[in-house]
Amino acid sequence: MTESPPSNFIRTIIEEDLASGRHQQVVTRFPPEPNGHLHIGHAKAICINFGLAEDFGGRCHLRMDDTNPDREEEAYVHAIERDIRWLGFDWGEHRHNASDYFDQLYAWAQHLVREGLAYVDESSIEEIRAHRGTVETSATPTPFRDRPVEASLERLEQMRRGEHPDGAMVLRARIDLASPNMQMRDPIMYRIRNTPHHRTGDAWHIYPMYDWAHGQSDAIEGVTHSLCSLEFENNRELYDWYLSHLPVDNPPHQYEFAKLNLTYTLMGKRHLRAMVEEGLVSGWDDPRLPTLSGLRRRGVPPEAIRAFIEGVGVAKANSTVDPVLLENAIRDELNHRAPRLMAVLDPLEVVVEGWEGGTDLLDASHWPHDVPREGSRQVPFSGRLFIEASDFEIKPPKGFKRLAPGRTVRLRYAYVVTYSGHEVDDGGRVIRVRVRLEPGTRGGTAPEGLKVWSTLHWVDADRAAPIEIRLYDRLFSVPAPGTERDFREDLNPDSLSVVIARGEPSLARIEPGQHVQLERTGYFYAEPDSAPGAPVLNRVVSLKDTWAKRTAATAATAATAATAAPARSGGPPAQTPQQPTRAALSAGASALVERGLSASEASTLDGDPSLMRLFDEAVAVYDNPKGIASWIVTELAREAKGRALESIPIEGRSIGALAALIDEGAITHAIGKTVFQEMIAGGGDPRAIVEAQGLRPIDTEQALQPTVDQVLAEFETRVAAYRGGRTGLLGFFIGQVMQRTGGRADPQLVRELLQRSLA
RNA sequence: UGGGGCGUCGCCAAGUGGUAAGGCACCGGGUUUUGGUUCCGGCAUUCGCAGGUUCGAAUCCUGCCGCCCCAACCA
């Protein structure tokens with residue numbers, strides 16, 4: 001992993017913060033609530049927070065968000081720590097708890113009360129809810145909102161001491177009942193919980209809400225970048241509000257990213273809990289579960305999880321990732337670290353006719369030719385063996401490369417054999433295949449000229465060890481379980497099947513916790529608590545199997561053809577309303593359209609009096625309504641979005657003058673754009689700006705041709721590509737010329753010269 | 001009839017006015033004592049839709065459409 005990890009928007013923010021000196025180092029944190037087990041979705045947050053800190057030489061804290069004694073337990077704490085360590089991350093000395101800050105939080109709460117920014121509300125839960133309003137209607141104050149500071153302080157103290165029952169009253173921040181952001185409508189800071197806490201015992205009878213604890217904890221710890229998932233976007237305003245009203249020096253900032261979703265997977269606490277409690281799975285660490293403990297028990301290496309997370313990326317778009325991505329990461333990791341062994345899951349007996357070699361011991365490498373590792377073992381061969389039943393076909397289908405009547409195949413590391421006969425039972429099932437040995441093929445080398453169809457894995461029948469193998473498959477059989485019906489009905493009935501396989505002798509000796517590849521079958525992991533000498537193998541992931549995929553695909557197409565599934569149509573095409581038509585325009589806008597503006601320009605101007613004023617002023621100076629309108633609408637409107645137009649020093653008559661300059665040919669439109677930016681930033685007259693900055697256009701052939709030639713000479717291969725048909729490259733060449741001329745070249749002319757030179 | 005976000009290939013995802021990166025999947029082909037691995041090649045004239053600005057738009061402007069989040073004394 002020497003390549004730098006892919007960039008993402010958070011990385012960009014951190015780089016900028018470091019470059020600008022806003023922060024000297026990066027401090028992040030992973031803040032789980034100790035009320036459940038970590039799953040692969042958490043792994044994303046863990047990798048982002050710890051990974052970023054690691055990459056930028058900062059640190060990442062592990063902080064238990066233990067603010068709710070009703071649902072949190074000590075036991076989860078250890079499981080969480082273990083899982084994070086297993087992933088390979090280390091919080092060093094920074095193992096914190098929100099509960100470490102209860103004293104500070106309380107002091108700060110008193111501070112806010114004294115500032116008139118918080119109050120104790122004795123309304124009932126129902127009353128508070130009723131007063132909160134809806135997303136579309138504003139909240140109303142409860143009778144306690146304007147009570148004296150002293151009364152709140154006193155009540156708060158009583159709450160803390162446990163003098164009131166649960167639910168009797170709460171401390172609320174006094175923010176804005178009319179806020180369109182529901183989080184800001186006087187959020188609750190403290191609620192009464194007369195419940196002992198797993199860390200603070202019965203010291204407290206009030207516990208902070210998430211929002212009241214989180215940002216403050218970040219600030220106390222000196223966190224710089226507080227990274228969380230998208231659903232907290234609405235909370236950011238509150239996060240900032242609390243910190244801005246507290247004596248905090250370098251407030252942390254919150255950034256949100258999309259959390260991980262997987263198809264065929266359910267990760268919600270509620271679902272996981274239900275599956276565990278209802279016995280649908282064997283426990284939190286069931287190898288089919290996406291919990292980290294489950295993945296660990298299944299044998300997924302933590303490195304694979306990290307690689308997977310890195311592959312998924314970090315962005316703000318809600319997305320759902322296919323688990324095959326994880327499977328790939330697992331194979332990638334295990335390919336170079338799992339020694340190869342052989343086992344047959346569904347045995348078919350093969351007898352070598354005339355075998356008289358007794359027990360031959362063959363040397364078999366643990367590694368294929370392309371994995372540069374040493375090591376081998378001996379496998380016994382005594383003339384009677386098992387191969388995989390699916391490796392023999394009486395009537396081989398097209399494309400089948402394995403054993404069939406008349407064919408010669410290689411037994412891996414052993415001999416090349418040729419079919420000589422087979423026996424079937426009463427039901428027509430093949431029960432035995434007879435083969436004869438090809439001479440001179442010991443070790444599997446084929447003599448010149450002998451056609452070998454394929455290589456088969458096998459085990460010696462007499463020495464085969466019975467091995468319990470657990471074949472895991474996806475837990476759910478549909479991509480989005482629980483959406484069409486109860487999730488329980490979407491469970492994959494074949495998510496676990498147990499087989500007793502026949503393994504080569506050395507397989508019985510593998511250590512619990514070890515990975516192996518069973519050749520041609522998959523990667524397996526010896527259950528850590530399986531008995532030495534009697535390993536139980538979990539299938540971590542199967543090998544890719546293009547043959548199986550092909551047969552499955554043909555079967556599937558046959559099935560869909562049979563049911564003649566109707567093509568999924570999207571219904572009637574969505575109708576997208578157009579721009580306001582002439583008829584729909586207001587009178588003012590219509591008048592503008594008369595003067596040459598487009599409908600959208602007209603309605604934008606007409607809808608904003610200050611823009612309209614600028615427009616009128618500009619047109620009074622120079623009569624080109626259309627040109628002026630487009631400057632105002634496309635260039636100015638953007639600037640006016642974030643701030644009041646009045647704060648922008650640009651003047652109407654300057655805009656008119658600019659339009660005139662362009663129409664006169666004194667400057668190009670491209671230069672005009674630079675000038676316009678200048679006018680937005682500092683006002684001023686366009687002519688003066690042009691002079692001051694030396695923005696005279698370069699618009700003669702003589703002046704431009706050398707630059708054009710230079711660019712063409714520099715990018716010979718692109719020139720060739722252009723001539724070869726990649727005409728899209730023209731924009732690239734123009735861009736180069738524009739850059740070299742500081743934007744002063746006349747793009748129209750550049751285009752012409754370029755086209756002429758490239759012809 | 002609110003507010004906050006997000007729409008780039010089948011699935012993720014870069015890109016922020018100048019050649020639409022990359023990964024997975026998929027399709028060809030080479031190597032191969034694993035139908036594995038690996039290697040080569042192919043795979044978005046187009047970025048939710050429609051207008052506009054510009055020499056040039058995924059990127060700027062306008063309108064529209066779709067999806068997610070917010071009315072726990074959960075986090």
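For clarity, every value in this text was computed on a predicted model and none was experimentally measured. To find a chain, count down the sequence lines: A is the first, B the second, and so on, and within it residues start at 1.
Within 4.0 Å (heavy atoms only), A/Gly311 reaches no atom of the nucleic acid at all. Counting any heavy atom pair closer than 4.0 Å across all strands shown, A/Tyr413 reaches a base atom. If you check every strand for non-hydrogen atoms under 4.0 Å, A/Asn235 touches a base. At the heavy-atom level, A/Thr445 lies under 4.0 Å from base atoms of the strands shown. Nucleic acid contact for A/Phe400: base, since at least one base atom lies under 4.0 Å from a heavy atom of the residue. Using a 4.0 Å heavy-atom distance criterion, A/Thr67 is classed as a sugar-phosphate-only contact. Using a 4.0 Å heavy-atom distance criterion, A/Lys269 is classed as making no nucleic acid contact. Contact annotation for A/Thr134: base contact, defined as any heavy-atom pair under 4.0 Å involving a base atom. Residue contacts shown for A/Lys401 include a base, since a base heavy atom lies under 4.0 Å away. At a threshold of 4.0 angstrom between heavy atoms, the contacts of A/Ser124 include nucleobase atoms, whether or not backbone atoms are also involved. The residue A/Val416 sits apart from the nucleic acid: no heavy atom pair falls under 4.0 Å. The residue A/Val170 sits close to a base: some heavy atom pair falls under 4.0 Å. Among the atoms of the strands shown, only primed sugar atoms or phosphate atoms (P, OP1, OP2) are found under 4.0 Å from some heavy atom of A/Arg132. Residue contacts for A/Ser123: at a heavy-atom cut-off of 4.0 Å it reaches a base atom on one of the strands shown.
Of the possible donor and acceptor atoms, one in the side chain of A/Arg185 sits under 3.5 Å from a partner among the backbone N and O of A/Arg132. Side chain of A/Arg442 to backbone of A/Val416: no donor-acceptor contact under 3.5 angstrom is found. Here the side chain of A/Glu388 pairs a donor or acceptor atom with the backbone of A/Leu345 at under 3.5 angstrom. Side chain of A/Trp631 to main chain of A/Leu636: no donor-acceptor pair is present (N/O by atom type, distance under 3.5 Å, no hydrogens or angles). Proximity of a side-chain donor or acceptor of A/Asp186 to a complementary backbone N or O of A/Ile175 within less than 3.5 Å is detected.
Using modelled atom types, one finds no donor on one side chain facing an acceptor on the other under 3.5 Å when comparing A/Gln748 with A/Asp746. Side-chain contact, A/Thr134 with A/Glu136: no donor N or O sits under 3.5 Å from an acceptor N or O.
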Pair pattern of RNA chain B in dot-bracket, where unpaired bases get dots and | marks partners in another strand, Watson-Crick or G-U under 3.5 angstrom | .(((((((.[[[..)..(...]]].(((((.......))))).....[[[[[..)....]]]]])))))).....

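For A/Tyr413, there are no ring pair (Phe, Tyr, Trp, His ring centres under 6.0 Å) partners two or more places apart in sequence or in a different chain.
For B/G35, the OP1/OP2 oxygens have no side-chain nitrogen or oxygen of A/Lys544 closer than 4.0 Å. Using a 4.0 Å cut-off, no side-chain N or O of A/Ser454 falls inside it from OP1 or OP2 of B/U34. At the phosphate of B/U37, neither OP1 nor OP2 sits under 4.0 Å from any side-chain N or O atom of A/Arg340. Within the 4.0 Å cut-off from OP1 or OP2 of B/C26, at least one side-chain nitrogen or oxygen of A/Lys549 is found. Regarding contacts with the backbone of B/A75, every side-chain N or O of A/Arg63 stays at 4.0 angstrom or more from both OP1 and OP2.
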Pairs under 3.5 angstrom only: tabulate donor-acceptor contacts from the side chains of residues 539-547 of chain A to other protein residues two or more places apart or in another chain.
residue  : atom : partner  : partner atom : Å
A/Arg539 : NH2  : A/Tyr472 : O            : 3.2
A/Asp545 : OD1  : A/Trp547 : N            : 3.1
A/Asp545 : OD1  : A/Ala548 : N            : 3.0

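Only the C1' atoms considered, B/G66 is 26 Å distant from B/U45, to the nearest whole Å.
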Just by protein heavy atoms under 4.0 Å, how would nucleotides 4-9 of chain B read 5' to 3' in B, S and -?
-> SSS---

Heavy-atom protein contacts under 4.0 Å, nucleotides 55-61 of chain B, coded B base, S sugar-phosphate only, - none | BS---SS

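By the 4.0 Å N-to-carboxylate-O rule, A/Lys316 lies close enough to A/Glu256 to be salt-bridged with it. Between A/Arg331 and A/Glu327 a salt bridge is recorded (basic side-chain N to carboxylate O distance below 4.0 Å).
Residue side chain A/Trp547 meets the stacking definition with respect to B/G35: its ring centre sits within less than 5.5 angstrom of the base's six-membered ring centre, and the planes differ by less than 30 degrees.
Following rounding to the nearest Å, A/Arg71 (CZ) and B/C73 (P) show an atom-to-atom distance of 13 Å. Between the CG atom of A/Asn181 and the P atom of B/G3 there is a distance of 12 Å, rounded to whole Å. Straight-line distance from the OH atom of A/Tyr119 to the C1' atom of B/C73: 13 Å, rounded to whole Å. One can place CZ of A/Arg11 at 14 Å from C1' of B/A14, the figure rounded to the nearest angstrom. In this structure, CG of A/Asp211 is placed 9 Å from P of B/A75, rounded to the nearest angstrom. Rounded to an integer number of Å, the gap from CZ of A/Arg373 to P of B/U37 is 18 Å. Straight-line distance from the CG atom of A/Asp166 to the P atom of B/C73: 14 Å, rounded to whole Å. Counting to the nearest Å, the P atom of B/G36 and the CD atom of A/Glu519 are 13 Å from each other.
Scanning both residues, A/Met342 and A/Val459, for their nearest heavy atoms gives O-CG1, 3.8 Å. Between A/Ile671 and A/Gly743, the shortest heavy-atom distance links the atoms CG1-O, 3.7 Å. Nearest heavy-atom pair across A/Leu341 and A/His366 is CD2-CE1, 3.5 Å.
Checked by distance alone, A/Asp370 brings a side-chain donor or acceptor within 3.5 Å of a matching partner on the base of B/G36. In terms of polar N and O atoms assigned as donor or acceptor, the side chain of A/Gln517 comes within less than 3.5 Å of the base of B/U34 in a complementary pairing.
For the atom pair CD of A/Glu122 and NE2 of A/His164, the computed distance is 7.0 Å after rounding to the nearest 0.5 Å.
Comparing A/Thr546 and A/Ser630 by the nucleotide of RNA chain B whose heavy atom lies nearest to each, the residue mapping closer to the 5' end is A/Thr546. Each of A/Pro180 and A/Gly399 was matched to the nucleotide of RNA chain B holding its nearest heavy atom; the match closer to the 5' end belongs to A/Pro180.
Nearest to the side chain of A/Glu231, among B/G35, B/C69, B/U34, sits B/C69.
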Under the ring-ring contact (aromatic ring centres under 6.0 Å, His included) criterion, do A/Phe732 and A/Phe715 qualify, and how do the steps go?
-> CA-CA 10 Å; A/Phe732 169 77; A/Phe715 298 100; 5.0 Å; yes

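Using a 4.0 Å cut-off on heavy atoms, the residues of residues 326-339 of chain A that approach RNA chain B are A/Asn328, A/Asn335, listed by number.
Within 90° of 0 lies the glycosidic angle of B/A72, which makes this nucleotide syn.
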